[in-house]
Amino acid sequence: MDLFKVENISKSYSGNQVLKDVSITIGEGEIHGLIGENGAGKSTLMNIIFGMPVIHNTGGYDGKMYINGEEFNPKTPMDAMENGIGMVHQEFMLIPGFTITENIKLNRENTRPTLSSRVLGKKLERLDRDKMIEDSKEALNKLSMDIQESMTVKGLPVGYMQFVEIAREIDKKNLKLLILDEPTAVLTESEAEGFLKIIKRLSEMGIAILFITHRLEEIKQITDNITVLRDGQKVAQSSTKDISTVDMAKAMVGRDIELTSAQRNEFSDDDPNILEIQDLVVDMPGERVKGINLKVKKGEILGIGGLAGQGKIGIANGIMGLYPTKGKIIKDGKEIPLNNPREMLKNDVAFLSEDRKGVGLLLDESIDYNIAYTSMEIQERFIKALGPIKLMDRRGVESHAKKMIEDMDIRCTSSKQHTRYLSGGNQQKVCIARALTLDPEVLLISEPTRGIDIGAKKLVLDTLVRLNREEGMTIIITSSELAELRQVSDRIAIITDGKLHSILSPDSPDEVFGLAMGGDDISKVVES
């Protein structure tokens, strides 16, 4: 039975058509995959379905939508939720200062009558915190998530935030259609595998799932049918069993895509170290580092992997001084002061955070300013001096941004577009362009391909390899995707329980990586 339909949906922004005559039908309990490159129109379609204000504030849309055969035209997200639609956005919609329970129950708080409310009405009822905690625990347990529901969201690792978002939707009692926008992008491969089982369980309960992801193997594994968007139009629709991941990728980008492993750099003990980390301790909530010693060779691509919450994300954040850090960081033989991001940048160490909106971008500024502002601040690039007065070289900023937009294939209306209105993948490319503008000797890059499509992923990884091979840039890449680390790294450091478990060759067997990430002894496997 058909649960939900969109028919001939079209949408334009300022004369730029981002969707054209898109139609999709989703049955009750169906898991329907939606794929396409960044900027293909996926997020716009989701915003239409969920009644996001940006749609109606920009002229609305053309076409019709139906739920259970009845026309559906949500003006607000509340309209969508009242009609049984839930959505987990690619960028988090959580309140940092609230607890996990308060975020899960927001606008659906449990209350209990008081003497005043019996006389003066329901608005004077008291919060039933015990019931709210009970509901939150039930939702978190469905996700097999072991976390204290009284913790505040602020400071949680992004993977945990994703589960809180999903738990909030699962807690809704009238849920008919759940939209998941890149739900596994911040999860490790093992976490994502468990999460997919949960999604399958929800579909068996009759809840339809509209599943957006750039991980095509997940689409193949879990969905019943797929729709492919390219440049705002539906270019393919198929039963999942009748299409290969290769054909999916080709339909998405309109060309063949082949991800290949880079040729490894080889180093000896006599080769110089560019960075040395001694007894590093980082107090990053959910990703604590508990005393790590690590040496990085000049010109190396070092991968850092491990399960969520084990400390891998904390290393780069600690090196850059974004969380309280102890120990020593030595670059080119010189000890660098801790807890001082500016000092790190001055020593030619740049950082691309996994939290692109919270740390990486000025959302209400233009693309060109986002790309240039750190370099202006630290290196005084793009600055013109008129006597004692310093002014921004606007022409230089714009010219440089246009080159980076072309090199990184950033899909935008112009360099003056605010980054808030870019797709997630294109926001990520702006962050990378900003880091590269610093021309660093060492680039720390965390989750570089989170939420971007296969074509953009190849561009990003190829760019990192090119910078390493042609310009000698040392790169430390932290990723939840082991396949990505094995593709580009010279060595891979596995972090468990906040400590360095082992350093492996990218060519080590899958079994070795599995044992290392689980904190188990790998020596017998290595010996055999």
Side-chain angles (χ1 to χ4, degrees), residues 188-189 215 217 256-277 292-307 312-313 315-316 319 331-332 348-352 354 407-408 432 435-436 439-450 452 454-496 500-517 522-523 525-528:
T188 63
E189 292 171 10
R215 295 178 173 178
E217 66 278 6
D256 291 331
I257 291 290
E258 184 179 357
L259 298 176
T260 57
S261 295
Q263 185 72 34
R264 314 279 182 224
N265 290 315
E266 294 187 6
F267 298 94
S268 70
D269 292 340
D270 295 331
D271 289 321
N273 298 317
I274 193 169
L275 203 65
E276 188 170 346
I277 299 164
I292 279 179
N293 294 283
L294 194 60
K295 294 179 180 179
V296 184
K297 294 292 183 183
K298 186 176 179 64
E300 177 179 20
I301 299 182
L302 176 69
I304 298 180
L307 300 178
K312 70 178 187 294
I313 297 293
I315 295 174
I319 290 172
K331 179 176 180 288
D332 292 325
D348 294 323
V349 180
F351 178 46
L352 175 62
E354 70 286 349
D407 290 348
M408 297 299 300
I432 295 171
L436 297 183
D439 193 23
E441 289 184 315
V442 179
L443 176 61
L444 308 174
I445 185 163
S446 188
E447 305 291 4
T449 64
R450 178 169 73 88
I452 64 177
I454 189 169
K457 177 182 289 191
K458 177 174 171 56
L459 186 151
V460 168
L461 296 180
D462 286 352
T463 297
L464 295 178
V465 172
R466 178 182 61 77
L467 291 167
N468 174 261
R469 301 298 191 263
E470 296 180 9
E471 301 183 26
M473 187 181 294
T474 302
I475 296 171
I476 302 175
I477 174 173
T478 305
S479 177
S480 298
E481 294 197 35
L482 183 57
E484 177 175 289
L485 293 179
R486 296 175 82 170
Q487 187 180 332
V488 300
S489 304
D490 300 313
R491 297 183 301 157
I492 300 174
I494 300 298
I495 309 301
T496 58
L500 176 64
H501 180 278
S502 50
I503 296 181
L504 302 175
S505 163
D507 300 321
S508 297
D510 293 345
E511 183 182 0
V512 171
F513 277 104
L515 289 171
M517 293 173 80
I522 64 170
S523 59
V525 179
V526 173
E527 288 169 7
S528 62

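Predicted model, so just to flag it, every value in this text is computed and none were measured.
Between the OG1 atom of T449 and the CG atom of L461 there is a distance of 6.0 Å, given to the nearest 0.5 Å. Rounding to the nearest 0.5 angstrom, the gap separating the CD atom in E441 from the NZ atom in K298 is 5.0 Å. In this structure, L443 CG and L467 CG are separated by 8.0 Å, a value rounded to the nearest 0.5 Å. One distance of note links CG of L464 with CD1 of I301; it measures 7.0 Å at 0.5 Å rounding. Note that the CG atom of L515 and the OG atom of S502 stand 9.5 Å from one another [nearest 0.5 Å]. The CD atom of E471 sits 8.5 Å away from the CG atom of L436 when rounded to the nearest 0.5 Å.
The shortest distance between side-chain heavy atoms of M408 and L459 falls below 4.5 Å. Using a 4.5 Å cut-off on side-chain heavy atoms (C-beta onward), P440 and F351 make no contact. Contact of the F513 side chain with the R486 side chain is registered, since non-hydrogen atoms from C-beta on lie closer than 4.5 Å. Under the 4.5 Å side-chain criterion, counting only non-hydrogen atoms from C-beta, E354 is not in contact with T478. The side-chain heavy atoms of I522 and L504, taken from C-beta on, include a pair separated by under 4.5 Å. A 4.5 Å side-chain heavy-atom check between L275 and I476 finds at least one atom pair inside the cut-off. Put simply, the side chain of L352 does not reach to within 4.5 Å of the side chain of L444, judged on heavy atoms. Counting heavy atoms from C-beta on, the side chains of V465 and Q487 never come closer than 4.5 Å.
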**Request:** Would you check, one step at a time, whether the test side-chain contact (heavy atoms from CB on, under 4.5 Å) holds for I495 with L500?
**Result:** CA-CA 5 Å; I495 309 301; L500 176 64; 4.0 Å; yes
**Request:** Show the numbers, then the answer: is there a side-chain contact (heavy atoms from CB on, under 4.5 Å) between V442 and V296?
**Result:** CA-CA 10 Å; V442 179; V296 184; over 6 Å; no
**Request:** Report the C-alpha separation of I477 and L302 in whole Å, then their side-chain angles, then the decisive distance to 0.1 Å, and conclude whether the side-chain contact (heavy atoms from CB on, under 4.5 Å) test is met.
**Result:** CA-CA 6 Å; I477 174 173; L302 176 69; over 6 Å; no
**Message:** The test is side-chain contact (heavy atoms from CB on, under 4.5 Å); show your working for D271 and E300 and say whether it passes.
**Reply:** CA-CA 11 Å; D271 289 321; E300 177 179 20; over 6 Å; no
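Using modelled atom types, no side-chain atom of S479 and backbone atom of E447 make a donor-acceptor pair closer than 3.5 Å. Distance alone, capped at 3.5 Å, is enough to place a donor-acceptor pair between the R469 side chain and the Q263 backbone. Checked by atom type and distance alone, the side chain of R491 never pairs as donor or acceptor with a backbone atom of P506 at under 3.5 Å. Side-chain N or O atoms of K312 include one that pairs as donor or acceptor with a backbone N or O of G306 at under 3.5 Å.
Checked for salt-bridge contact, D490 and K297 miss the test: no charged N lies under 4.0 Å from a carboxylate O.
Side chains of N468 and N265: a donor on one and an acceptor on the other come within 3.5 Å.
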